[in-house]
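The block underneath contains the structure these notes are about, expressed in structure tokens.
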Amino acid sequence: MSTPNPLEPNPRPAEHHRSPFSGPAGLIAGLIAGLILMFPLVSLAEDAPNDNGGGAEQSSPSEESATSKQDAAPEQSAEPDEAGPAQEASASDEPGRLGVELNRLEQLDGSCRVYLVFQNGLGTPLEALQLELVLFDDQGFIQRRLTLDAAPIAADKTSVKLFDLADTQCDEMGRILVNDLLELAGPEGELPNEVSQLELSTKLEVELFK
């Protein structure tokens with residue numbers, strides 16, 4: 001067994017392996033490597049909603065609701081069109097009118113001839129038309145009451161009827177009252193005989209009223 005020689009130098013200690021990431025350059029390299037490793041994870045996290053199809057499922061209900069509203073719109077707009085024929089039918093069901101116009105007064109010796117113009121708007125021929133008239137003088141006093149038969153009058157026809165008032169001066173006549181519609185009938189029988197059906201007018205200073 002040999003003994004070490006104290007005069008010989010000690011053998012050189014083994015050098016430790018130096019890490020490539022030691023020092024400032026190693027820190028920078030480590031940060032870069034970490035960012036490279038994290039980048040795929042960030043990309044996967046951003047792509048995850050598209051893969052699951054969540055965006056398309058959320059937009060589909062709004063598209064369906066918009067389509068349903070557009071489909072419902074024509075049904076709502078059709079309601080006024082359906083109501084149109086009903087309104088026209090109700091307008092056609094309204095009763096017609098019978099026009100009576102005081103057109104002229106003519107003095108004949110001791111009598112006054114009265115000209116009345118009738119406009120039959122009742123939509124049917126009139127085989128009976130009887131009016132009760134009351135005459136007022138220009139002072140407002142009643143002169144007489146009389147009955148006038150004005151039939152027949154064809155449907156949608158204008159007809160002139162005249163009658164003579166004996167012992168009457170035309171210039172003393174003030175007003176003529178249609179007091180009642182006594183009779184009104186067509187080919188199929190009696191019609192509603194209401195004075196409200198009459199449309200009265202005059203072309204003279206003498207008033208024709210109801």
Side-chain angles (χ1 to χ4, degrees), residues 71-210:
D71 296 339
E75 297 179 359
Q76 294 177 358
S77 62
E79 291 179 358
D81 297 335
E82 294 176 357
Q87 294 177 354
E88 294 177 358
S90 62
S92 62
D93 293 340
E94 294 181 358
R97 312 289 284 183
L98 178 62
V100 184
E101 177 190 83
L102 177 59
N103 185 272
R104 182 182 177 186
L105 298 177
E106 182 182 4
Q107 189 67 44
L108 299 174
D109 295 333
S111 63
C112 179
R113 178 166 291 177
V114 180
Y115 292 79
L116 294 177
V117 180
F118 290 83
Q119 176 63 51
N120 181 8
L122 299 177
T124 182
L126 297 180
E127 297 182 353
L129 173 58
Q130 190 174 73
L131 303 176
E132 182 185 64
L133 305 180
V134 178
L135 307 182
F136 293 81
D137 62 16
D138 54 359
Q139 300 298 319
F141 295 101
I142 296 175
Q143 289 183 323
R144 67 179 64 183
R145 181 176 64 87
L146 55 95
T147 300
L148 172 65
D149 290 319
I153 302 178
D156 301 322
K157 180 73 171 58
T158 299
S159 179
V160 178
K161 306 293 180 176
L162 55 90
F163 60 97
D164 294 335
L165 299 175
D167 302 325
T168 302
Q169 298 296 317
C170 294
D171 57 0
E172 294 179 357
M173 192 178 302
R175 300 193 299 168
I176 301 177
L177 168 65
V178 180
N179 193 48
D180 197 4
L181 180 56
L182 300 176
E183 187 178 5
L184 184 65
E188 299 180 358
E190 294 186 357
L191 300 172
N193 54 343
E194 299 180 0
V195 178
S196 59
Q197 296 175 260
L198 302 179
E199 290 185 349
L200 305 182
S201 61
T202 182
K203 289 188 176 296
L204 308 175
E205 294 182 359
V206 179
E207 180 184 3
L208 181 66
F209 67 105
K210 59 185 175 181

For Glu199, salt bridge (charged side-chain N to carboxylate O under 4.0 Å, His left out) partners two or more places apart: Arg97
For Arg113, enumerate each residue passing the salt bridge (charged side-chain N to carboxylate O under 4.0 Å, His left out) test, keeping only those at least two apart in sequence or located in another chain. Asp164
Do Leu181 and Leu131 have side-chain heavy atoms sitting under 4.5 Å apart? yes
Does any part of the side chain of Val114, heavy atoms only, come nearer than 4.5 Å to the side chain of Asn103, both counted from C-beta? no
May I have the step-by-step check of side-chain contact (heavy atoms from CB on, under 4.5 Å) for Val100 and Val117, ending in yes or no? CA-CA 6 Å; Val100 184; Val117 180; over 6 Å; no
So which atom in [X] and which in [Y] form the shortest heavy-atom distance, rounded to 0.1 Å?
| X | Y | value |
| --- | --- | --- |
| Leu98 | Leu122 | N-CD2, 4.2 Å |
| Leu129 | Leu126 | CD2-CD1, 4.4 Å |
| Ala166 | Ser111 | CA-CB, 3.8 Å |
| Glu127 | Pro187 | OE2-CA, 3.7 Å |

Just to verify, what does Pro192 make a side chain to side chain contact (heavy atoms under 4.5 Å, CB included) with, not counting sequence neighbours? Gln197
Return each pair, listed once, that meets side-chain hydrogen bond (donor to acceptor under 3.5 Å, both in side chains) where at least one residue sits in residues 128-145; pairs must be two or more places apart or across chains. Gln130-Asp149, Glu132-Arg145, Glu132-Asn179, Arg144-Thr168
Quick test of your reading: applying disulfide (SG to SG under 2.5 Å), list the pairs with at least one residue in [range], sequence neighbours left out, ordered by first then second residue.
| range | result |
| --- | --- |
| residues 124-156 | none |
| residues 116-154 | none |
| residues 178-210 | none |

For residues 202-210, which side-chain N or O atoms pair as donor and acceptor with protein atoms under 3.5 Å away, sequence neighbours left out?
from, atom 1, to, atom 2, distance (Å)
Thr202, OG1, Leu204, N, 3.1
Thr202, OG1, Val206, O, 2.9
Lys210, NZ, Leu198, O, 2.5

With a 3.5 Å distance limit and no angle check, can you tell me whether Gln107 reaches the backbone of Asp109 through a side-chain donor-acceptor pair? yes
Considering only residues two or more places apart or on different chains, which pairs with a residue in residues 115-124 satisfy salt bridge (charged side-chain N to carboxylate O under 4.0 Å, His left out)? none
All pairs passing salt bridge (charged side-chain N to carboxylate O under 4.0 Å, His left out) where residues 179-195 contributes a residue, at least two apart: none
Side chains of residues 169-178: which donor-acceptor partners sit under 3.5 Å, not counting sequence neighbours?
none

Any chance you could lay out the side-chain contact (heavy atoms from CB on, under 4.5 Å) test for Cys112 and Leu105, step after step, and finish with the verdict? CA-CA 7 Å; Cys112 179; Leu105 298 177; 4.2 Å; yes
Validation: residues 153-163 side-chain donor-acceptor distances under 3.5 Å, sequence neighbours left out:
from, atom 1, to, atom 2, distance (Å)
Thr158, OG1, Gln119, OE1, 2.1
Lys161, NZ, Ala150, O, 3.3
Lys161, NZ, Pro152, O, 3.3

